[in-house]
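Atoms within a ligand are numbered from 1 in the order they appear, just like the ligands themselves.
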Amino acid sequence: YFKSPPDIYNSLPICNFSISNNDTSIYKVTINQTINSYNVIEENHGKDLYSGGHFIPTGCQTEQRLALIICYRNREQHLKLFLANIHPFLQKQKLDYTIFIVNQHGNDPFNRAALFNVGYIEAMKLYSFDCFIFHDVDLLPEDLRNVYKCGGQPRHMSVAVDKFNYKLLYSTLFGGVTAFNLTDFIGANGYPTVYWGWGGEDDDMYLRVVKKLKKSITRYPIEIARYKMIRTHDHTSSKANPNRHSILYSKYDYSRDGINTTHYNLHNIVFYKLFTLINVTLPEEP
Ligand code: BGN
């Protein structure tokens, strides 16, 4: 579906992002505002986008095609702030990227991890993505050196979050923002689908990387991987999942739950200027 780069593309130099000596790498995020319409964001940051929130840098060729996958339900102000900040950030990094918002309908508890799998599956039907970044809607990167690319190991991106005083809560934390290349994501059988409500699904993903994929995670330095969490514009947060400990420690077989068991009722896919919206209902919580 998504527009391919022009024919002359292969003769162009590889896109190379770097900060010159005189420039700061600090990326100022704007969160203390209310954005009324998407049009304002489109006017400011959408002019170089292709339909569906897709961007291809001009004058150079990219090494990766990034699908940025955001799990979502009923947090419109957060989404607007996210878009207004993330589009210019990724464009400065000269990435071929597409933004997917996976929107959970229905009244079941939120299932963050299953939504990520849905985003991955639907994205792969549209373009040959080879890098996947799974992202909470309320986290905004604050340093341009935090490059949204995939490497040879899964990467935990949101190392230092302002809400936690820019400290890593625990060494195996794998929540917030993560990056996987295509083979690693498939090798882990994606995210789990059995976590309904808040908590544990990210720890499960960490275990998948270590036990199933047999790799370790990597992180950018803590002074680079900095994020602000949007805490304005109240939202109803997900209730903690009372079963999260028992699932996590049950040592179930990761081959029996994940990408291969992600079932969903796809309502539609809408290609907006700023993002591709994937509307789904997940099967009921058992
Ligand atoms: C942890 C949660 C994570 C969450 C982090 C940060 C659990 C599982 C307990 C067995 N893990 O405690 O899901 O991302 O806090 O808030 O609850």
Side-chain angles (χ1 to χ4, degrees), residues 31 68-75 78 82 102 104 108-120 132-142 146 153-180 184-185 188-213 215-220 222 224-254 256-259 262 282 285-286:
I31 49 179
L68 186 65
I69 298 175
I70 292 98
C71 52
Y72 180 83
R73 179 156 73 183
N74 201 20
R75 283 166 82 156
H78 288 194
F82 179 79
V102 191
Q104 182 179 343
D108 272 311
F110 195 59
N111 192 329
R112 174 178 184 266
L115 294 173
F116 284 155
N117 287 349
V118 172
Y120 158 79
F132 299 84
I133 297 192
F134 301 98
H135 215 297
D136 284 350
V137 73
D138 57 0
L139 288 175
L140 300 172
E142 295 185 83
N146 183 358
Q153 279 168 277
R155 178 178 285 121
H156 181 228
M157 310 279 289
S158 49
V159 181
V161 179
D162 66 342
K163 185 183 178 188
F164 306 116
N165 298 317
Y166 294 106
K167 292 197 177 82
L168 188 62
L169 286 184
Y170 52 98
S171 65
T172 61
L173 180 70
F174 203 46
V177 184
T178 57
F180 285 82
D184 282 353
F185 194 66
N189 195 17
Y191 268 90
T193 72
V194 288
Y195 290 84
W196 298 85
W198 182 88
E201 83 297 339
D202 50 348
D203 302 305
D204 191 292
M205 193 64 193
Y206 176 82
L207 292 178
R208 283 169 186 250
V209 171
V210 174
K211 300 197 157 152
K212 184 152 194 322
L213 194 59
K215 284 194 175 185
S216 57
I217 63 161
T218 185
R219 294 191 177 99
Y220 289 134
I222 194 158
I224 290 178
R226 290 165 65 87
Y227 285 79
K228 269 204 165 54
M229 190 183 281
I230 307 172
R231 279 176 288 166
T232 52
H233 309 287
D234 249 359
H235 65 280
T236 30
S237 33
S238 224
K239 281 203 180 59
N241 171 9
N243 306 318
R244 65 192 193 281
H245 305 85
S246 59
I247 307 170
L248 184 64
Y249 299 126
S250 66
K251 299 206 167 76
Y252 70 102
D253 180 355
Y254 299 128
R256 290 174 180 274
D257 176 71
I259 298 171
T262 300
L282 299 174
E285 184 188 15

Carboxylate-amine/guanidinium contact Arg244 Asp203, below 4.0 Å:
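No.
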Measuring only between side-chain heavy atoms, which start at C-beta, is [X] closer than 4.5 Å to [Y]?
X      : Y      : value
Leu213 : Tyr254 : no
Cys71  : Asp136 : yes
Val209 : Phe174 : yes

Say whether Tyr195 and Asp257, considering side chains only, have a donor N or O and an acceptor N or O under 3.5 Å apart.
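There is no such pair between these side chains.
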Protein residues having a heavy atom less than 4.0 Å from any atom of ligand 1
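Only Leu169, Tyr170, Leu173, Trp198, Gly199, Gly200, Asp202, Asp203, Arg244, His245, Leu248, Tyr249 have heavy atoms that fall under 4.0 Å of ligand 1, ordered by chain and number.
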What class does the angle between the rings of His135 and Phe82 fall in, given that below 30° is parallel, 30 to 60° is tilted and above 60° is perpendicular?
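Perpendicular: the ring planes of His135 and Phe82 meet at over 60°.
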